[in-house]
S.K.: 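Here it is, the structure, as C-alpha cells.
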Protein chains: 2
Amino acid sequence: MSDLMVTTPIHSASVLPEEPTQASRFGKARSAQSGALLEDYVELISDLMTSGGEARPTDIARRLGVAHATAIKTIGRLKREGLAVAKPYRGVFLTEAGESLAARVRARHRVVVDLLLAVGVPFEAAESDAEGMEHHVSDATLAAFARFLARD
Amino acid sequence: MSDLMVTTPIHSASVLPEEPTQASRFGKARSAQSGALLEDYVELISDLMTSGGEARPTDIARRLGVAHATAIKTIGRLKREGLAVAKPYRGVFLTEAGESLAARVRARHRVVVDLLLAVGVPFEAAESDAEGMEHHVSDATLAAFARFLARD
DNA sequence: CTCGGAATGTAGCCTCGGCTACATTGTATG
DNA sequence: CATACAATGTAGCCGAGGCTACATTCCGAG
C-alpha cells in the first residue's frame, strides 16, 4: 500500500541534535501498521474471487476470524479508500487499484515466505509469521530477499 | 532475582490474555500487534535507564515520536500490566517482569537485525524494518534465525 | 407464492493509541 | 525566597478495529 498511502507529517525537524532517527523508525513501523488490515482484506478478497467467483462478507469474516459486522465495517473503509466496490446484498469487488494492491501484496507475501523457508523456518511458522511481518518489509528489504533467493 | 538465569518462558504470552479465537493466521498476526507497543516502551525504558540512570516521560515521548500525553497514558497501561512502576513526578521504573521482557525483546531484536543483515539487507533498512517485524517473529522462527546465523 | 433461516446491514458500545488544551508540580535561578 | 518555566499529569476528542444485539433482505423449500 506504500504507493498510495497518504504519508503522515510525522514530526517537525527538531532543534536538538539528539537522535530523531529512532523516533522515525518507530513511527514508520507504527504507520506501516495502518494499511496492514486493508492489505489483508484486499488480498483475501482477491483470493476468494479467484477461487470461488465471489467474495461474500461472511466468508471474509470467517477467514479473518472476526465478526461479520467487523468485516462489513472494514469493507466500508475499503470502499472509501477506493480499493473496492460493493452494492448492498451483492458481493464485494476490487477496483483496479484494489487488484493491483492485491497483486503486490501477494507477491511480497510469497517472497517473505520463501525467504523464511530458505533460512530454515518450518513451513507452518513461515506462513503464520509472514502474515504479520510482511506489512513491515520495505522495498529495500524485499529486494534484498529476492536477491538472496536468486543466489546460487 | 536477576534475569540472568531465569529460564524465560519466552514470548509475550505473559502480556496478552489468549482468546478463544478459532481464527487463522490472521488472528495471531493481529493479536501480536497488541503487545508490540508495550514491548517497545519496555525496551526503551530499559535503554534509557541503562544509559542515563533514569527514564522520564518526556524522553520516552521524544524517542518514540509521540506527544508526551500519549507516552504518559501508555505508561499507565504499563503499570496496569505490571511491567512498570512510577510515582507521580518521579521517573518510570521497570518491574522484574518488565526487565525480563525488555531483555527478551532486545535479544530478539538483535537476532532479527542480524538475520536481515545476513541475507543482504542494507543496514538502515534492517534496523528500520526489524522494528516492525520483530513483534511478529514466533519462537520457532526466532530459533530458526539463530540456527541460520550459527551455521558455517 | 409464501415463509423461515441464513446472509447482510445498522446501531451502539468498548479499548487502544494518537492528539490538543489546560492544570499542576518541581526546580533552577535571579 | 519567589517565581518563571519546563516537566508532568488530566481531560476530552478522534478514528480504527473489535464486539453484541437487532433489523433487514434474499433465497430456496414447500
Side-chain angles (χ1 to χ4, degrees), chain A residues 1 5-6 8-12 15-16 23 26-41 44-45 48 52 54-81 83-84 86-93 132 135, chain B residues 15-23 26-41 44-45 48 52 54-81 83-84 86-93 132 135:
Chain A
M1 145 152 290
M5 203 162 27
V6 187
T8 35
I10 300 296
H11 56 236
S12 48
V15 197
L16 282 311
F26 281 116
K28 241 166 66 174
R30 213 63 65 200
S31 67
Q33 183 53 29
S34 258
L37 222 218
L38 283 323
E39 289 183 352
D40 286 346
Y41 269 76
L44 177 53
I45 291 169
L48 288 173
E54 61 177 357
R56 288 147 66 239
T58 298
D59 294 336
I60 295 171
R62 198 185 58 248
R63 288 279 293 271
L64 291 175
V66 300
H68 82 276
T70 302
I72 287 173
K73 199 192 281 190
T74 305
I75 289 167
R77 253 187 88 206
L78 244 35
K79 292 200 282 186
R80 277 191 279 127
E81 304 273 348
L83 296 171
K87 281 165 297 185
Y89 298 97
R90 298 294 178 175
V92 183
F93 300 89
H135 304 292
Chain B
V15 189
L16 269 287
E18 203 60 45
E19 40 185 357
T21 338
Q22 30 83 322
F26 292 106
K28 266 194 283 185
R30 212 64 66 198
S31 65
Q33 175 58 26
S34 248
L37 223 215
L38 283 326
E39 289 183 350
D40 285 346
Y41 269 76
L44 177 53
I45 290 169
L48 288 173
E54 61 176 358
R56 287 145 68 240
T58 299
D59 294 336
I60 295 171
R62 195 186 61 247
R63 290 278 292 271
L64 291 176
V66 301
H68 83 277
T70 301
I72 288 173
K73 199 192 283 190
T74 305
I75 290 168
R77 254 187 88 208
L78 245 35
K79 292 199 283 186
R80 275 191 280 126
E81 303 274 349
L83 295 171
K87 282 164 297 186
Y89 297 98
R90 298 294 177 182
V92 183
F93 300 89
H135 303 292

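The sequence lines fix the lettering, A, B, ..., with proteins before strands; numbering per chain opens at 1.
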S.K.: What is the distance, to the nearest angstrom, from the CG atom on B:Leu64 to the C1' atom on C:dC19?
M.R.: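 After rounding, the reported distance stands at 15 Å.
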S.K.: Could I get the full list of salt bridge (charged side-chain N to carboxylate O under 4.0 Å, His left out) partners for B:Asp40, not counting sequence neighbours?
M.R.: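 Partners of B:Asp40 by the salt bridge (charged side-chain N to carboxylate O under 4.0 Å, His left out) criterion, ordered by chain and then number, come out as A:Arg30.
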S.K.: Quick one: is A:Thr58 getting a side-chain N or O under 4.0 Å of the C:dT8 phosphate, OP1 or OP2?
M.R.: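 Yes, because at least one side-chain N or O of A:Thr58 sits under 4.0 Å from OP1 or OP2 of C:dT8.
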S.K.: Of all heavy-atom pairs between A:Ala86 and A:Lys79, which one has the smallest distance, and what is that distance?
M.R.: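 Of all heavy-atom pairs spanning A:Ala86 and A:Lys79, the closest is O-NZ, 3.3 Å.
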S.K.: Sequence neighbours excluded, which residues qualify as side-chain contact (heavy atoms from CB on, under 4.5 Å) partners of A:Tyr89?
M.R.: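 Partners of A:Tyr89 under the side-chain contact (heavy atoms from CB on, under 4.5 Å) test: none.
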S.K.: Rounded to the Å, how far apart are A:Ile72 CD1 and D:dG18 P?
M.R.: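 Distance check: A:Ile72 CD1 to D:dG18 P gives 14 Å.
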S.K.: If you check the A:Arg56 side chain, which of C:dA7, C:dA21, D:dA7 turns out closest?
M.R.: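 For the A:Arg56 side chain, the nearest candidate turns out to be C:dA7.
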S.K.: Out of curiosity, B:Thr74 OG1 to B:Leu38 CG, how far, rounded to the nearest 0.5 Å?
M.R.: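 With rounding to 0.5 Å, OG1 (B:Thr74) is 8.0 Å from CG (B:Leu38).
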S.K.: Between A:Lys73 and A:Tyr89, which is nearer to the 5' end of DNA chain C once each is assigned its nearest nucleotide?
M.R.: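 Looking at the nearest nucleotide for each, A:Tyr89 comes out on the 5' side.
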S.K.: Find the distance B:Arg62:CZ to D:dT8:P and express it as a whole number of Å.
M.R.: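 Rounded to whole Å, this separation is 11 Å.
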S.K.: Using heavy atoms to find the nearest nucleotide of DNA chain D for A:Arg90 and A:Ala67 separately, return the residue whose nucleotide is more 5′.
M.R.: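 Going by which nucleotide is closer to the 5' end, it is A:Ala67.
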S.K.: Please report, rounded to the nearest Å, how far the P atom of D:dA7 is from the CD1 atom of B:Ile75.
M.R.: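 To the nearest whole Å, that distance equals 14 Å.
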S.K.: Looking only at the side chain of A:Pro57 (C-beta and beyond, no hydrogens), which of the listed nucleotides C:dA11, C:dG9, D:dG9 gets closest?
M.R.: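 Ranking C:dA11, C:dG9, D:dG9 by closest atom to the A:Pro57 side chain puts C:dG9 first.
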S.K.: Could you tell me the separation between the NE2 atom of A:His68 and the C1' atom of C:dA6, rounded to a whole number of Å?
M.R.: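 Rounded to the whole Å, the gap is 11 Å.
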S.K.: Specify the residue among B:Arg80 and B:Val66 whose closest nucleotide of DNA chain C lies further upstream toward the 5′ end.
M.R.: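 That would be B:Arg80.
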S.K.: Tell me the interatomic distance from A:Lys87, atom NZ, to C:dG9, atom C1', rounded to whole angstroms.
M.R.: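 Going from NZ in A:Lys87 over to C1' in C:dG9 covers 17 Å.
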S.K.: Whole angstrom is fine here: how far is it from CG in B:Leu37 over to P in C:dT15?
M.R.: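 Those two atoms, CG and P, are 17 Å apart.
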S.K.: I need the A:Leu78 CG to A:Lys73 NZ distance, nearest 0.5 Å.
M.R.: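 Taking CG in A:Leu78 and NZ in A:Lys73, the distance rounds to 14.5 Å.
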S.K.: For DNA chain D, whose closest nucleotide is more 5', that of A:Pro88 or that of A:Tyr41?
M.R.: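 Its nearest nucleotide lies further toward 5', so the answer is A:Tyr41.
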S.K.: B:Glu54 has an atom CD; how far is it from atom P of D:dA6, in whole Å?
M.R.: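 Taking CD of B:Glu54 and P of D:dA6, I get 18 Å after rounding.
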